[in-house]
Amino acid sequence: MKNIVIGQYAPGKGFFYRLDPRTKIITVVFLMVAVFLLESILQVSIALFVTLFLMIIGKISIGRVAKGLRPLFVLLLFTFSFQIFLNREGALLLSQPMNIGLYSLLGVLVLTVLWRLLARFKKFKGLLFLFWLAGVYALFAYLPAIGPIFKVFDFEIYESGVVTSIFVVVRLLIVISLSTVLTLTTKPTDLTQGLESLLRPLKRLGVNSDDFALIISISLRYIPTILDEANKIMLAQASRGADFNEGKLVEKVKQIVSLLIPMFIIAFKRSEDLADAMESRNFVPGKPRTRIHELSFGMTDLVTAIFTVLVFAGAIVLRVLP
Amino acid sequence: MVMQLSFLEIRNLSFSYNQKRMVLKHIDLSVEKGEWIAILGHNGSGKSTLAKTIVGLLRPAEGSITVDGTLLSDETAYDIRRKVGIVFQNPDNQFVGVTVKDDIAFGMENLSVPRAEMIEKIAFFAEKVGMAEYLEKEPSALSGGQKQRIAIAGILAMKTDMIIFDEATSMLDPTSRRELMDYIRELHDEGLTVLMITHDIEEALMADRLVVLKDGAVFADDTAEHLFKRPEAFREAYLELPAALKIYYELEAAGDMTPPLATTLWRFGSGK
Ligand SMILES: Nc1ncnc2c1ncn2[C@@H]1O[C@H](COP(=O)(O)OP(=O)(O)O)[C@@H](O)[C@H]1O
Ligand SMILES: [Mg+2]
C-alpha cells in the first residue's frame, strides 16, 4: 500500500511531458470534438492512425494506453453489438435462421460453465469471452432442430450496421486513447493546476477555480492515506474474526459497514484537524495566493496549438463540404 | 503608563464550546520572547483548546490575548498567525501538500510570497530540518517524525517567532521523538520561542518554565526545580511522575538518600 500510484501518471521523457498541462487539456478537448465531426470510416481510420503516429512520436508505449482501454472493453463491446444488431439499414449481409431449443440452451449452459472455469486463467479473459460468443452463435445456428424448440428467428446483419458499429468503435477508441495520453503524461497536480488556470475566467461568475483546484489536490493527497487506513481497519477487523472475502451477502454487507463506520469517523476528525492546520497557516478561502508550481507556455506548446487548430479546421471543412 | 509587555500575554482567558461548561477558566499566562514553556495537563484539561485560542482558531468567551503587542481579534488573527504557528498532534492530518515541497510552500503561498523567494526558502528550511533530499517525496513515503519536521519547516518559512507544539511527539516512536526534540532544541537555541504542550513530564522538563493545567485552569506556573520540590502538585493535577522520580521521592521520604544516588536519579528523571 505504500507506493500507490494516484491516477495513471507514468513518468517519462517524451514530447507530451514537456507540454504545459493547459495546452494538453485544450488540445485533447479540441481533438475530441474534431473526431466527433468526422463522418466516414475512412476519416476516422485516418484519425486513428494519426493518433497512433503521435503516440509513437511522443514515445508513449501503446501497450500502456491499451492497458488503460481494458476497463472500457465492455463499453466498446456493448456499443459494437448495439449498433450491429439494431441498425437495420442498407444491404442485407447475413441472414441466418436460428433455433432456440432445449438442447441448444443446455449447450449454452455447458459452454458457460466451461468459460467460467477457464476464466481463472486471467490472461485470456477477452479471448475466452469471444470464444464463448462464437460458441453460443454456433449452437443457435447450426445445432439440428431436434427436441423441443422454443423460438425460431432469423439473425440478420445489415451493411449499415457493420459500418456504423466499426465507425462508432473506432471513434470511441480515439477519444479514449486521447484522454489516456493526457492522464498518462500529466501529473495529477499539474492537471488540476491546468484546469484551475483554464477555469479562472469563471471567477466572474462566482466560481473560484483556485479553491476548486486546492480541494482536488488535497483529495488526491489523501487517497493513499485513506487506503492505508482502510487496510489497517480491515486487518484489525480480521484479527477479530471478520473475513472480507467470504461469507454470505448479509455477512459481507456487515463487514463492509464495520469498515465504513470507523472510516467515516476518522475522516470527520481528519477534516476538522486539516481545517485547523490550514487556517493556522493563514489559509483564507478565496483570497489570492501565489503558487509554487508555475505553468509556462513554450515553443512546443505553440507548435501543438497550431497543429490542433489545423486539425480542427480540417475536420470542420470536411464536415461542411458536400 | 508604560508597561513592558511579554511576547505572548494571556489575560483572564475563558472559553467554552457550548456556553454550558467552561473549558478554559480565567487563564493568565505570559511568555517572553525566546522562552521555552511547557504546558502540562491531563487529558481533556484544555491544552489543545488553549493552543487554538491563541492563534484565533477559536474565539474566547472572555479575556484577551496579545502577541508581540497586537491584541487578537478577528481582524488581527491573520497577522498573529504569521508570528505564532502550531504543529499539531497527528502528522497525517496537517500535511496539506501533495509533496514535501508543496507542503512547505503552503503557508508562504497563503502569504503571497513571490515564487522565487519561496523556492529559496523551501531549500533553506528543508535543509534546516534535515529533509533536503526529500523535497519531491509524497507524504506516504515519509515517517511520522519526518512529517512533523516538514510541518515545522513550513511554519518557520512563514517567519514565525513562536511555535506551539500540541503533543507533536505523542504519535512518534521513541527515536523519532528524541530526534524531533533535538531539532526543537536547536531551533530554540537560535531564538525560537517554544510552547510545548505535552502530558509527558520528561518532555516538559526541557522547558524553562512549567505551566500545569487542571480542568481548564492554571494549577501551577513555576520552574522545574521549584515544582519538583512538591511532587504532590503533579498528583493533584492527575499527572503521572516518571519512574526514576518516583523512586527518588520514595527514597527521600525514607531518608535513605546517599548524595550520588540522588543526583543520578534526578538526572534520569529530569533528562538534564
Ligand atoms: N470541538 C469540541 N467541541 C466540544 N467540546 C470539545 C471540543 N474539543 C474539545 N472539547 C472538550 O474540551 C475539553 C478540553 O479538550 P482539549 O482542549 O482537547 O484537551 P486536551 O488537549 O488537554 O486533551 C474536553 O473536555 C473536550 O471534551
Ligand atoms: Mg489535545
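A note on names: the letters A, B, ... follow the listed sequences, proteins ahead of strands, and every chain is numbered from 1.
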Item checked: Sub-4.5 Å side-chain heavy-atom contact between B:Phe106 and A:Arg289 -> yes
Margin query: To the nearest 0.5 Å, what is the distance between OG on A:Ser280 and CD1 on B:Ile164?
Written below: 9.0 Å
Margin query: Is it the case that atom OH in B:Tyr78 sees more than 12 heavy atoms from other parts of the structure closer than 6.0 Å?
Written below: yes
Next item on the list: Output every pair passing side chain to side chain donor-acceptor pair (under 3.5 Å) with a member in residues 115-124 of chain B, not counting sequence neighbours, ordered by first then second residue.
Entry: A:Glu294-B:Arg115, B:Glu117-B:Lys121
Next item on the list: Can you see which heavy atom on B:Phe88 is nearest to which on A:Ala277, and at what distance?
Entry: CE1-CA, 3.6 Å
Notebook entry, point to check: Can any side-chain N or O of B:Arg82 pair as donor or acceptor with the backbone N or O of A:Asn282 at less than 3.5 Å?
Noted result: no
Notebook entry, point to check: Does any non-hydrogen side-chain atom of A:Asp276 lie less than 4.5 Å from one of B:Gln94?
Noted result: no
Next item on the list: Answer whether the closest heavy-atom distance between the side chains of A:Ile292 and B:Glu109 falls below 4.5 Å.
Entry: yes
Note to self: Is B:Ile80 in contact with chain A via its backbone, its side chain, both, or neither, using a 4.5 Å heavy-atom distance?
What the structure shows: neither
Notebook entry, point to check: Closest heavy-atom contact between B:Met108 and A:Thr290?
Noted result: O-OG1, 4.0 Å
Item checked: Part of B:Asp166 within contact of chain A (heavy atom distance under 4.5 Å) -> neither
Next item on the list: Taking all non-hydrogen atoms of both residues into account, name the closest pair between B:Val96 and A:Arg281 and its distance.
Entry: CG2-NH2, 3.9 Å
Item checked: Other residues, nucleotides, ligands: >12 heavy atoms within 6.0 Å of A:Lys59 NZ -> no
Margin query: Just checking B:Lys137: does its NZ atom have more than 12 heavy atoms from other residues, nucleotides or ligands closer to it than 6.0 angstrom?
Written below: no
Next item on the list: For chain A, find which of B:Ile86, B:Val55, B:Leu111, B:Val113 contributes the most heavy-atom pairs closer than 4.5 angstrom.
Entry: B:Val113
Next item on the list: Count the heavy-atom pairs under 4.5 Å between each of B:Met118, B:Lys52, B:Lys101 and chain A, then report the option with the highest count.
Entry: B:Met118
Note to self: Is it true that, when you exclude B:Tyr134 itself, more than 12 heavy atoms of the residues, nucleotides or ligands shown sit nearer than 6.0 Å to its OH?
What the structure shows: no
Kindly list each side-chain donor-acceptor pair under 3.5 angstrom involving residues 259-275 of chain A, sequence neighbours excluded, with atom names and distances?
from, atom 1, to, atom 2, distance (Å)
A:Lys269, NZ, A:Asp273, OD1, 3.1
A:Arg270, NH1, B:Asn93, OD1, 2.6
A:Arg270, NH2, A:Glu229, OE1, 3.3
A:Arg270, NH2, A:Glu229, OE2, 2.3
A:Ser271, OG, A:Ala267, O, 3.2
A:Ser271, OG, A:Phe268, O, 2.8
A:Asp273, OD2, B:Asn93, ND2, 3.0

